[in-house]
Amino acid sequence: MGIEQAPTEKGKQAARGLRKSAAKEEKKVEAQKGSDLAKGSERFEERSKSSDGKSAGAKQRR
C-alpha cells in the first residue's frame with residue numbers, strides 16, 4: 001500500500017517506515033553486489049528466472 005492510500009495516520013507512518021527500510025536494504029544489497037539492482041520489468045524477469053531458471057513468459061505457456 002502506498003503512503004497516500006493509507007486510511008489512517010498510523011498507516012501512513014507504517015508505510016513510510018517500510019519504504020525507508022526497503023531503500024536501506026536495497027542500498028546494502030547493491031553495495032555488496034557492486035552494481036545496481038534491476039528495476040521495474042527487468043527486476044520482474046530477473047526474479048522470475050532466479051526461482052526456477054525459466055522466464056515469466058515460458059511459465060505462462062505451460
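The figures that follow rest on heavy atoms only: side chains count, while hydrogens, waters and symmetry mates do not.
- For the atom pair Q32 CD and E30 CD, the distance stands at 11.0 Å (nearest 0.5 Å).
- For the atom pair CD of E26 and CG of D36, the computed distance is 8.0 Å after rounding to the nearest 0.5 Å.
- In this structure, K28 places its NZ atom where only 12 or fewer heavy-atom neighbours from other residues, nucleotides or ligands lie under 6.0 Å away.
- Just one of K20, R19, K12 meets the side-chain contact (heavy atoms from CB on, under 4.5 Å) condition when paired with R16; it is K12.
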